[in-house]
Amino acid sequence: MKLYVLRHGETETNILKLICGKSECNLTRKGMVQAREVKQKLKDVDFKAILSSPLTRARITASIVANKPIKIDKRLIERDYGDYEFKKKTEVDYNGFWNYARKQVTGENIKDLMNRIDSLIKELLDKYPNSNVLLVTHSGVARGIHYYLTGIPKDNDLTKLAIPNCSYRVYELSKEDEK
Amino acid sequence: MKAPLKKRIVSYLIDIIILLVILGFINIFYNPDNTALNKQMDMISLEYYSGNTSFNEYITDLGVIYNQIDRNNIIINILNIIFIVIYFVVFPYFNNGQTIGKRINHIEVRAKSNKKITLLKLFVRNLIINGLVYLLAVTVGAFVITPSIYFWFISLLGIIQIGLVFASMFMVLYRKDKKGLHDLIAGTWVASER
């Protein structure tokens with residue numbers, strides 16, 4: 001399976017540099033333009049399935065990019081940032097929040113995030129072993145998927161991976177790689 | 001004897017008001033949250049009217065948002081369909097082809113041969129005049145139509161549904177036998193109470 005993991009386009013909270021987890025925040029015009037650019041880039045890819053987070057910013061991004069009906073999957077919803085919601089990264093212990101070894105003080109535990117990613121990826125591998133699949137999600141989940149597939153770094157710090165708006169990564173997976 | 005035109009119109013209006021009240025109550029008790037989608041719609045409209053996006057982009061983005069709204073509204077749409085079917089199909093089937101509006105006006109729907117009206121005939125009739133074509137197609141279409149062409153899909157559906165209603169209305173008004181498109185297709189006619 002070829003797994004494309006796409007982050008949604010720019011939102012109002014991205015401009016303000018605020019953390020936006022499970023709350024709704026809308027795409028900006030630039031965010032919608034970014035989605036159209038991705039559509040162009042991916043126009044020749046035949047996706048067997050396109051799955052999106054239930055949050056509006058991801059659904060709209062997915063719908064613009066999609067050349068077929070999208071499916072909503074709750075497992076792609078952004079990580080719950082708890083008390084950090086709508087705060088600036090500099091105001092909170094962001095690195096601690098994304099440290100795999102640290103005990104979570106607020107929001108969704110990384111291990112719980114990894115568990116929902118694990119369940120989703122295994123299901124996709126079963127359903128679409130030889131096809132292209134597009135997931136449209138958020139930076140937190142895209143980060144989770146990346147480290148789920150490539151392994152947790154030795155220093156447990158998951159913040160090093162930059163995931164700009166509407167950027168995507170492609171992963172080749174096979175059932176033999178299944179954890 | 002054919003039902004007088006005035007009675008048909010009054011009974012149709014009574015039925016529509018009753019149905020709107022029922023559907024209004026459903027909307028009060030079950031109201032999906034489309035706030036974020038509506039805000040996104042305001043944003044794209046503002047961008048379009050400020051001249052920042054082309055008409056094509058605007059239409060495509062509108063369709064994308066309508067698609068998500070219709071998906072959110074799946075339960076309310078299904079409830080609407082159920083209540084329309086109960087009120088306009090099931091209720092008259094067990095009440096000599098009469099809805100409440102028709103009962104008040106002493107008129108009834110009959111099969112062409114004067115036989116008892118069937119559920120299928122009542123259903124086909126209401127597909128045309130009570131928005132069921134649109135509602136059924138949107139309920140399914142929201143999940144099977146590509147979002148980027150969704151605007152054209154619902155526009156076409158809307159035109160078809162309104163066209164069917166207007167065609168039926170004009171036929172009832174101007175045909176000698178007072179049969180609308182819905183009567184001709186379903187094989188029904190509206191008579192005064194026996």
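The sequence lines fix the lettering, A, B, ..., with proteins before strands; numbering per chain opens at 1.
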What one should report as the nearest heavy-atom pair of A36(B) and N26(A) is O-ND2, 2.9 Å
Practice prompt. Show your reasoning for whether side-chain contact (heavy atoms from CB on, under 4.5 Å) applies to I64(A) and T60(B).
Written response: CA-CA 8 Å; I64(A) 292 172; T60(B) 308; over 6 Å; no
Practice task
Apply side-chain hydrogen bond (donor to acceptor under 3.5 Å, both in side chains) to the pair S63(A) and Q68(B), showing each step before the final yes or no.
Solution key: CA-CA 9 Å; S63(A) 301; Q68(B) 297 307 314; 2.9 Å; yes
Shortest non-hydrogen pair, I72(A) vs R71(B), comes out as CG1-NH1, 3.8 Å
Residue pairs meeting side chain to side chain donor-acceptor pair (under 3.5 Å), one or both in residues 149-171 of chain B, sequence neighbours left out, come to D70(B)-Y150(B), S168(B)-H182(B)
Between A66(A) and T146(B) the two heavy atoms that sit nearest each other are O-CG2, 3.9 Å
Indicate yes or no: does R29(A) engage D61(B) in a salt bridge with an N to O separation below 4.0 Å. no
Donor + acceptor pair across side chains of N72(B), R59(A) (<3.5 Å):
yes
Taking side chain as C-beta onward, heavy atoms only, is Q40(B) less than 4.5 Å from M32(A)?
yes
If one checks every heavy atom of I65(B) against chain A at 4.5 Å, the contacting part turns out to be both
Most heavy-atom pairs under 4.5 Å with chain A, out of T35(B), N52(B), T53(B), I145(B), belong to N52(B)
Answer key: most heavy-atom pairs under 4.5 Å with chain A among L46(B), I44(B), N67(B), V64(B) is V64(B)
All heavy atoms of P147(B) vs all of K68(A), minimum pair found to be CD-O, 3.6 Å
